Structures are given as structure tokens and as C-alpha cells.
*Asks:* 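Sharing a structure with you now.
These figures come from a predicted structure and were not determined experimentally. In what follows, every heavy atom counts, from backbone to side chain, and hydrogens, waters and symmetry copies are set aside. To find a chain, count down the sequence lines: A is the first, B the second, and so on, and within it residues start at 1.
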Amino acid sequence: MLDKNGIAKRIAQELEDGWYVNLGIGIPTLVANYIPDGIDVTFQSENGLLGMGPFPTEDQVDADLINAGKQTITTRPGSVFFDSSTSFGMIRAGKVQLTVLGAMEVDQNGDIANWKIPGKMVKGMGGAMDLVASAENIIVAMMHTNKAGESKLLEKCTLPLTGVNCITKVVTNLALLEVKDGAFVLKERALGVTVDEIKEATAGKLIIEGEIPEMKL
Amino acid sequence: MLDKNGIAKRIAQELEDGWYVNLGIGIPTLVANYIPDGIDVTFQSENGLLGMGPFPTEDQVDADLINAGKQTITTRPGSVFFDSSTSFGMIRAGKVQLTVLGAMEVDQNGDIANWKIPGKMVKGMGGAMDLVASAENIIVAMMHTNKAGESKLLEKCTLPLTGVNCITKVVTNLALLEVKDGAFVLKERALGVTVDEIKEATAGKLIIEGEIPEMKL
Amino acid sequence: MINKVVANAEEAIEGIESGMTLMLGGFGLCGIPEKCIAALAAKPEIKDLTCISNNAGVDDFGLGFLLKNKQIKKMISSYVGENDEFERQMLSGELEVELTPQGTLAEKCRAGGAGIPAFFTPAGYGTEIAEGKEVREYNGKKYILEESFVSDFSIVKAWKGDTKGNLIFKATARNFNPIMAMAGTITIAEVEELVEAGELDPNEIHTPGIFVHRIFEGKNYEKRIEQRTVRG
Amino acid sequence: MINKVVANAEEAIEGIESGMTLMLGGFGLCGIPEKCIAALAAKPEIKDLTCISNNAGVDDFGLGFLLKNKQIKKMISSYVGENDEFERQMLSGELEVELTPQGTLAEKCRAGGAGIPAFFTPAGYGTEIAEGKEVREYNGKKYILEESFVSDFSIVKAWKGDTKGNLIFKATARNFNPIMAMAGTITIAEVEELVEAGELDPNEIHTPGIFVHRIFEGKNYEKRIEQRTVRG
């Protein structure tokens, strides 16, 4: 079973040299801590920055330099600032190679729900709807089940959708799955997790072909 | 009767302090030479400049600094460069207060034709269609008649249109006319030109109300 | 000669009336026009405002001041957390909220400021955002038709500006400011440093002065940080 | 590690094939990618190109080289004068020409590069440009629906660039370059000065490097002037 850092670490293995990547708030943010050696990845922050660096030291803090989570940050050499329409221009045009997002639910058709729970205070979708409607490569990082122990990998999302047919992969505390042809295809098990446990925790259609290897972190 | 400089001079009297102005190629360009004292006008060049100045001296010539007529130019203090989409953004959004254009024909509905003669080599509309479709205040600067002596102020344009219902004023070698409610309204006569001469040279509906004053240049 | 320079925020906001639509730049509290917001809060008789702003401030800063005064009738935003008074007014029905995907919000401002009344975007297709909107397919992908925004007043904050209204923004404080500046019937810019025309490099200006109608230098910017995050 | 820097124009244009759609920056001869155009002209086997460019060069410079070689099947431009060979090929039917209002051309590139497949614009309403296009009224004004452009390769010219592909343009040589850079499936940038990542101020960059896939420094730019106009 993986913790949040483990999920981030596994997703980081998907990164390829030269990619531009947008990381959502929560677990996705942690991915930046595990970039494999020898590859160069540029992080996009949709509030108007390419080339996001780590958090600042006390004396580097600049109120005019924040990420999409409104946290103070720094830049890396070769970074660039731009306005919000240019930022979402590059997102919509598919220039960002990978988007990593959290989710409340995903389903076997690649639909995702992560912005609204009816009856609860709705804070808004921020840039999530633009990101999921635009990116060709979207990985969801989340726990396999919710606090009540119910599966978050469904046949059909029950919550209001953020986007449709858009999720390509899901990495949870239990497994790595691809979303393909109306099903979750199990690709890897987390350390010490059995296929039966994953079956148990997955409500949507699950495809298990051959031996499922354990993740290497 | 006015020459080209006279037409430009009369149009320059229409300028108001603080206006942004786009001048087309030909007679309109001359308007920049007659800005009334005490007012500040900023010229927009649709290839990406606000704050166009006069032609350069030999040693100021810069291949990277041209106007929409592809002539080398200079800038004034407070000028700014931008890309072509921003340039036409400000034009379409109506931020340019006055556009001055040449024309082959205009008609009493405010339609204008100035880009194409069937059967002749067509060079293109450049930015003219965007300008006439966008500006709220468009003055046409042209000769009242063509080389064959035929009126260029028509009931209906015969040449392919550049834009419809868009011309607000016409200044010719003979007169200043407003285009209003489907007619040319005669406002001023050029020096030494009679109302009858203007009537004679105007094919479209012409409205003459009261005494028509002579232009003051 | 026409002078775009005004003395202060009070003078800059003259003409803003109840019922108007305002655009306000900023992302979270970064790059917000804090002087003009304070000046508006000092005139609680200006009410029923529709505010287009990516966020709605916090309880005791930014648009939170206007919310506390109940000067805002409707917010058009992409994300509105971090504000208890906002939540209270929204749940009680006092405040109307129109949530818009962030990229669509940005494009609606940019399009409005570029004379484009409507455009197709993929964001929100298949979701409740698309309800009642026209759907069209291009190259096998579905898009929805969105209409653009213009404001009665756009209020932006820049780092440097000149007397012609040209603006330069700093770092991520740029965000929505340039595109909202484009979309204002009247655009007000407050800047940290106001210089004479000619002192800014024409190649380095982010917002051409043609989009800016009033400008002033604000003093003592607080620039509050919402999530001060540092490493050890 | 991935390296966007290529040695020269020959290397930069690798992969451009007959039948492709290219965008080429520049206004007249100002800001055109003269090195890449020369490299393309040196490969006359690349034919049937569709070129999106505001203008079509002159007889002996810029796109005129490709026209002379009959490498261009179709031009999409707003203004195509100043070129005898162009006129000859167009009148004889060898060359197809699609004339587009300049602002619409610019917006089609910008929209394509921003993932917006179509938009409404007033330019050309009531003219032959609007024939067959959808008309819609917004706020009492008529607009036509235009579809955006993307290219197989966009070729742009900048003043300065860095190894990450970030670009800065000079004066009015900016023109169509930044928006065409956005709309390229592959975008090639030739620059007068190439520096290391980190040497350009991130606040002063016009084109973010994400839009640029290949970059090189060109030597000895001719920068021909079309209308050298001086005052006494």
C-alpha cells in the first residue's frame, strides 16, 4: 500500500525528458519532489508561470510570485511569466504534455468528478475543467476508496462532472490502472497489495490480464 | 477645390485631443502633417505600433521599425510595440477613435469599396476590412470623381465591398459630407466650389439643408 | 491636453455607480488593485455591483471588504473559497455566484477586449457548465460556445506604468490584469511606480496605453500573502 | 536531455515535406525568417506547400524564393502585392490564393495556438469574404464565424532567444511571429542572438518557450528594407 508520497513517486516515473507538466493541488504537487535523474521537466502553473521552482527561503519570499495554489514559490533558470489567457491558451492547445490531478471520483469511461458535492459549499472548478478538457495525457492521483471505504473508481461518476472521456491513467494507494475502452486496466499493484484487494476496492469494470507486477519505486 | 494636402488638412481638423488614430495609405497618411496645435494624438500602425513618429533621418533607419505601408518610421515617447492579434484586438474592440481610409467608391448607406476591381490583379484587403467593420468613426479621404470623371459617391457601390454601413464622413477635393440615414449630407464646400458643382459630381442621394459654408483651412 | 493621470484611488473610481459591472485583476490576493478596492469600500453607497474576478478575496482583504459591506450583488469567478462572509451570503441567497472555468473566464475577458463576441472552447463540455450552450464538433472534438465579457470599469494593478497608460506587470502578479485592462469600457490602472511617457522600453510593455484611461501611483502596498510557504 | 537548439536552418527544417502547411512570420519583409526560407529554397524537392503568411515576399527576397521555385501551391495572406512572379503564377492558375482580412488572419493564428477552434468577428460581414459563413448578431452588430488555423510547421524570426525556446522580438518585427509560434505543431525559431536559459528576464519574454521546439542563431541577417523612407 502506498502513502501520498508513494503515489507521487510512482507518477514521477511517468515523466519524460523535455515535458511540460501541470500539477494540481494536493498529492500531485508532491510529484515535483521525485523527478527522475537525468531528465528535465518544466512545471507550468496556470496563474502564469512556466519553470516553477521549489518553495522560497524566508528571504526569497515575494508576494508577486505564487503558484496556482496561492503558495509563495521560486523560479528556475529559463522561466517565463505570462497572462492568464496565454496560460490557458497553451493548456487548451495541448502544449502541456502531462496534467496530474486529484479526484473525488473517476469512472471507466475516463470521466472525472473533482469540483462539486451537491449540498455542500462549492468553491469552484478553478482551472480543472480547462485542464481536463484539453490535455491528452491526464493522470489522476488519489486514494482508491473514500473515507467511508467506498470505491472511487466507478462504472459511472455520481458527482457533477469536471470532464468527460479524459483520464488516461489512475494511480492510487493500491494500484496503477489505465483507462481504456470503457474499463480500468490493472497494470501494477502497490507493494504488498493483492489483485483480490484491488478487485474488491474497484467498483467499475476492471480488466486483469496475465500476471500483474508489483510497482518498483 | 482641394488638393490631397488640403483634404488631409481638413480631416486633421476633426482630430480631438487624446484620440488614437489609424491612417490608411495614400491621402490619409498626410493627415499626420496637420495635427492642430495643442492636441495630442497617437497614431496606431496595425502592424504593431502605437505612437508612430515621422520618417527617420538616414542614421535612424531601422529595418525592424516600419509602418503598415512598409515604410521605415520612428517612434514617439510613450510608444509601444505589440503583436498583430493584439493590434487588431484594439481595433475590433473600438479603442481606436478614428480611422481614415481611401476609397474607390462609397455609397449613401455608408458602404465602402476599396480593395478589389474585378478582372484586375487583386492585391488583398490587408487590414481594411477589419478597420471598417470595427471603428465607430471612419472618414474617407478621396477625390470626388474618378479619372473618367464619374462620381465615387454612389447610390450603391458597384465594386466588391470592403464593409457595409460603416462610413461616417467623406472628405473630397470638393466637399465634406456626412453619411446619415441613407444619404450624403453636404456640410461644407471646398474653397471656390459651388453647391451645384457638388450636386453634379455626386451620384448618390445628396441632402442640402440651408446655406452650405465654405471650409476654413 | 488630455491627462490620464489622476491623483489617487478616490479620483480614479469616480463614475462607478451602483449596478455596474466591474472587472478586477488578480489571482488570489496576488496582483489585486488594493487601493481602488479600498476606495470602493469607503463608498458603501455604491451597491449591486457585478464583479468579474478570478477569486473573491479573503474576509479581511481584497474583495472581502466589498462583500462585508454588501456592495456586491453577483460574483463571476472560477474559485471562491477562503472567505466565510462570502460563504454566508451565498448560502443565504444574498449573493449570486456564477462559476466559470478559469481558462474560459480568461478567454472571455481577452475576447471581449479584442472585439470577439463569442468563441468555442472545450472546457466544460459534458458538464453542467455546458447546459443550454451550443455544442459543435471540430476535428472530432466537442466544443461549447461561450460569449465574451466587457465591463463598465476594469480595475487593474501593475508594477510600473507611464503617463500614457502603458503598463508592465511583475512576475505572476500579471495574471488576469492585462486581459481585463483590454475589456474595460473605462480601465483604471493603479501602479507601484508611475513614470513619464518614454521612460519604459516600448518593447517591454505588457499592456498598451490605449487600453488604460486612468492611472495613478499607489503608496505603501500591503501585498498580503495568502499562503506563505517556505522551505527550511 | 532534450535539446531544442539546432545547428542551423538546414537542421531546423528537417521533417518539412511536400504538401505540408507552414506558417511564416513577418510583415512585408520585416521580421521574416530569412534563414529558414533560404534553406527551404535550397530544397526545391519540397513542393505543394500551403503557406500562411501575411505577405508573399518580393521577387528576389523572402517567400519570393519559394515562389520562383514553384514550391508553393497555395498562399493564405492578407496582402500579396510587390511580386511579379506571384502575379504571373496567380493569373495563370498555378498558384492558389486565399485572401483573408489581416485581423482575421492574426486571430485565426492566435486562436489556433490557444486551442480555440472558431470565433466570431465583424471583419468582412456583408462582403464576399462572408459568403458561405455563418452570421450571428451580438448587441445589434453582425459577426461572421471564422475557423482557426494550425500549421504543421511554424517558422518565426526573433531578436533574442534562449535554449529553452523563450523569445523576444524587436520593435515591429514582432508582428505575426508570436501568434504563429503558438499555432505550430512544430515551431522553429531563428534568432539573431541565442543565449543560455536564465539570461533573459522572465518578465520581458514575448513568446514562452513551450511554443518553440527548435531554435538556432542565424548569422549575418540581411533584413532588407522594402520602402526605405527618410526625411531630409
*Asks:* Any chance you could measure D:I116, atom CD1, to C:T121, atom OG1, to the nearest 0.5 Å?
*Replies:* 4.5 Å

*Asks:* Less than 4.5 Å to any heavy atom of chain C: does that hold for the side chain of D:E107, its backbone, both, or neither?
*Replies:* side chain

*Asks:* Counting distance only, does the side-chain N/O of D:H206 pair as donor-acceptor with the main-chain N or O of C:E204 below 3.5 Å?
*Replies:* no

*Asks:* Kindly compute the distance separating CZ (D:R136) from CG (C:L145), expressed to the nearest 0.5 Å.
*Replies:* 5.5 Å

*Asks:* Below 4.5 Å from any heavy atom of chain D, which atoms of C:A118 appear? Answer side chain, backbone, both or neither.
*Replies:* both

*Asks:* Can you tell me which of D:P117, D:A114, D:S148, D:P202 forms the most heavy-atom pairs within a distance under 4.5 Å of chain C?
*Replies:* D:P117

*Asks:* Tell me the closest heavy-atom pair linking C:P122 and D:G115, and the distance in Å.
*Replies:* CD-O, 4.0 Å

*Asks:* With a 4.5 angstrom heavy-atom cut-off, could you sort out which part of C:F120 is near chain D: side chain, backbone, both or neither?
*Replies:* both

*Asks:* Measure the shortest side-chain to side-chain distance between C:W159 and D:N203 over non-hydrogen atoms and say whether it is less than 4.5 angstrom.
*Replies:* yes

